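These notes concern the structure reproduced below.
As the structure is a computational prediction, the values presented were derived from the model and not from experiment. Every chain is numbered from 1, with letters handed out A, B, ... down the list of sequences.
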There are 2 protein chains.
Amino acid sequence: MPEATVARLPLYLRALTTLAERGVATVSSEELAASAGVNSAKLRKDLSYLGSYGTRGVGYEVDFLRHQITREIGLTQDWAVVIVGIGNLGHALANYGGFASRGFRIAALVDADPTRLGEEVAGLNVRSADDLEQIVHDLGIAIGVVATPARAAQLVCDRLVAAGVTSILNFAPAIVQVPEGVDLRKVDLSTELQILAYHEQRKNGAALALTAEQAAELAEAVNG
Amino acid sequence: MPEATVARLPLYLRALTTLAERGVATVSSEELAASAGVNSAKLRKDLSYLGSYGTRGVGYEVDFLRHQITREIGLTQDWAVVIVGIGNLGHALANYGGFASRGFRIAALVDADPTRLGEEVAGLNVRSADDLEQIVHDLGIAIGVVATPARAAQLVCDRLVAAGVTSILNFAPAIVQVPEGVDLRKVDLSTELQILAYHEQRKNGAALALTAEQAAELAEAVNG
DNA sequence: GCAACTTTGTGCACACGTTCACAAGCGTCT
DNA sequence: AGACGCTTGTGAACGTGTGCACAAAGTTGC
């Protein structure tokens, strides 16, 4: 299954959940694509990787398709997650309700700052980073979320990997290296803003360029 | 300039900043690529869109290249940003130091909850969502960050756009539509985890499949 | 000044992802 | 039963992105 398709399945799943809550029983690729914000042909091709779960002339059964995607992504089981770094962002992540409702259970919170140990966040006690290996092992954690400062990110990832974690979601603004076989995704808040800034500047630049062109035309009109 | 290249420029910028702080004056594409975690050919092609700023046989001058990328992305000016939705995530974003240091100034915080109004977060008073249009206009805000619950996201985006915001970074787990000419990027925490879960499951599944294959081989060996 | 070495910038081939367009299949209506 | 309308699933064309490989261009050493 193409990586691009995998990245869109959660999108479809969310759209289907919304439809199910509204009591919709069947949906066409056109409708589902619209509510997921993608092209209908792309949606159909994506879904075709799961199998032929649609009915021609009718569409897709919402509940059935939802179950198929859930199974494909692996959300039928629940995943234990450890969050490392309980600063502002770590707090927000620990309290984020969207994880639990999608099969991700925050199993442990870890921080290196001794003054934070024992603090209760989202119903869990913050534990020492020294115990990271033990925690990962005891709770059978496969997914780690890194919300530490940039300088700690590589070390934390190394230790997570050494402890047996094979999937890491990194929020720290740092490039970290992981060995083959470990999946690493990164979410970088300021990178996203920088990409927006680039386009924003180009919008303004385009306006200025147009003005320059208009000025040139004007000059030509005056001189000609 | 290709979109994929634009998305990598902030990465290079960060790597260059790190090098500059270490006092490195020049860097080869090979070294820079390594610290940004990309292929060196890709790095060179990306940089070639900016111009021919390297010296053959030597490499790139760190400070100069940094300045060029900064200019290209549009970080020579600073951008006023409004954060809408001051919940857990909004708090974390408001306090995130990485924005200010990269030319993004949090100019206003807005929330719809009347009990939160006037609360001071990161040195700013939380203002009423009713004043959104006024705030955007008065402070010359071009970039909006949406950290509201999912159900409010579309309305907030509509109002931001109507007020003149042309770039939006959406953290709400909802698909929102924006008119042509408005840039929308979304950061979805649980989607990222779901993608990891998919690969995690496949790793385990692959292990099981291997076992099944081994079992088949074993069976054949026994029967044959 | 020239040869040897290093590194950039880029043409080209390939892989990946997207979109179009349409045949195949299902339900409905007469 | 057969014709008709609708929607899926997919082959094929297209566009974008990646990576190799090498000529061009610079530096260093003699």
Side-chain angles (χ1 to χ4, degrees), chain A residues 1-12 15-16 19 24-66 68-69 72 175 180 185 191 195 198-199 202, chain B residues 1-12 15-16 19 24-69 72 175 180 183 185 191 195 198-199 202:
Chain A
M1 166 139 21
E3 190 58 34
T5 297
V6 173
R8 281 188 295 266
L9 288 182
L11 213 70
Y12 303 151
L16 286 167
L19 289 171
V24 178
T26 51
V27 66
S28 72
S29 65
E30 200 72 44
E31 293 165 333
L32 185 54
S35 56
V38 301
N39 185 294
S40 72
K42 182 153 50 179
L43 171 72
R44 288 198 298 276
K45 185 152 286 187
D46 284 342
L47 294 184
S48 76
Y49 290 108
L50 304 178
S52 286
Y53 294 143
T55 307
R56 294 169 192 233
V58 179
Y60 301 89
E61 202 180 326
V62 172
D63 279 331
F64 183 70
L65 187 56
R66 197 153 69 107
Q68 292 302 327
I69 294 179
E72 188 70 23
I175 293 112
E180 188 96 4
R185 296 187 66 85
T191 293
I195 295 169
Y198 169 81
H199 292 294
R202 264 175 53 104
Chain B
M1 166 139 21
E3 190 57 34
T5 296
V6 173
R8 282 189 294 265
L9 288 182
L11 212 69
Y12 304 150
L16 285 167
L19 289 171
V24 178
T26 51
V27 67
S28 71
S29 65
E30 201 71 45
E31 293 165 332
L32 185 54
S35 56
V38 300
N39 185 295
S40 73
K42 183 152 50 180
L43 171 72
R44 289 198 298 277
K45 187 155 287 187
D46 284 343
L47 295 184
S48 76
Y49 290 108
L50 305 178
S52 286
Y53 295 143
T55 308
R56 294 169 192 233
V58 180
Y60 301 88
E61 204 181 324
V62 172
D63 279 331
F64 182 71
L65 187 55
R66 199 153 67 107
H67 178 256
Q68 292 302 327
I69 295 179
E72 187 71 23
I175 293 112
E180 189 94 6
D183 279 297
R185 295 187 66 85
T191 292
I195 296 169
Y198 170 80
H199 292 295
R202 264 176 53 103

Length of the CG-C1' vector between A:L32 and D:dT7, whole Å: 13 Å
CG of B:L16 to CD of B:Q68, rounded to nearest 0.5 Å, is 11.5 Å
Rounded to whole Å, the CG-C1' distance (B:L50 to C:dT8) equals 14 Å
Footprint string (nucleotides 18-26 of chain D, 5' to 3'): B base within contact, S backbone only, - free, heavy atoms under 4.0 Å: SBBB--BBS
List the steps and the verdict of side-chain contact (heavy atoms from CB on, under 4.5 Å) for A:L43 and A:R8. CA-CA 9 Å; A:L43 171 72; A:R8 281 188 295 266; over 6 Å; no
Does OP1 or OP2 of C:dT7 have a side-chain N or O of B:Y53 closer than 4.0 Å? no
Interatomic distance, A:I175 atom CD1 to B:Y12 atom OH [nearest 0.5 angstrom]: 10.0 Å
First locate atom OH of A:Y60, then atom CG of A:L50, and finally report the distance between them rounded to the nearest 0.5 Å. 9.5 Å
Within this structure, what is the CD-to-C1' distance between A:E3 and C:dG17, rounded to whole angstrom? 12 Å
Roughly, in whole Å, what's the span from CG in A:L47 to C1' in D:dT8? 10 Å
Using the rule side-chain contact (heavy atoms from CB on, under 4.5 Å), only one of A:L32, A:D63, A:V62 pairs with A:V24; which is it? A:V62
Atom pair distance, as rounded to whole Å: CD in A:E31 and P in D:dC6: 14 Å
Given A:E72 and A:Y49, is the side-chain contact (heavy atoms from CB on, under 4.5 Å) satisfied, shown in steps? CA-CA 10 Å; A:E72 188 70 23; A:Y49 290 108; over 6 Å; no
Can you name the closest pair of heavy atoms from B:T5 and B:M1 and give their distance? CG2-SD, 3.7 Å
Interatomic distance, A:L65 CG vs D:dT8 P [rounded to whole Å]: 11 Å
What is the distance from CZ of A:F64 to C1' of D:dT8, rounded to the nearest Å? 15 Å
Nearest 0.5 Å please: distance from the CG atom of A:L65 over to the CD1 atom of A:I69. 4.5 Å
Which pairs, protein N/O on one side and nucleotides 28-30 of chain C N/O on the other, fall under 3.5 Å?
none

For the atom pair NZ (A:K42) and OG (A:S29), what is the distance rounded to the nearest 0.5 Å? 13.5 Å
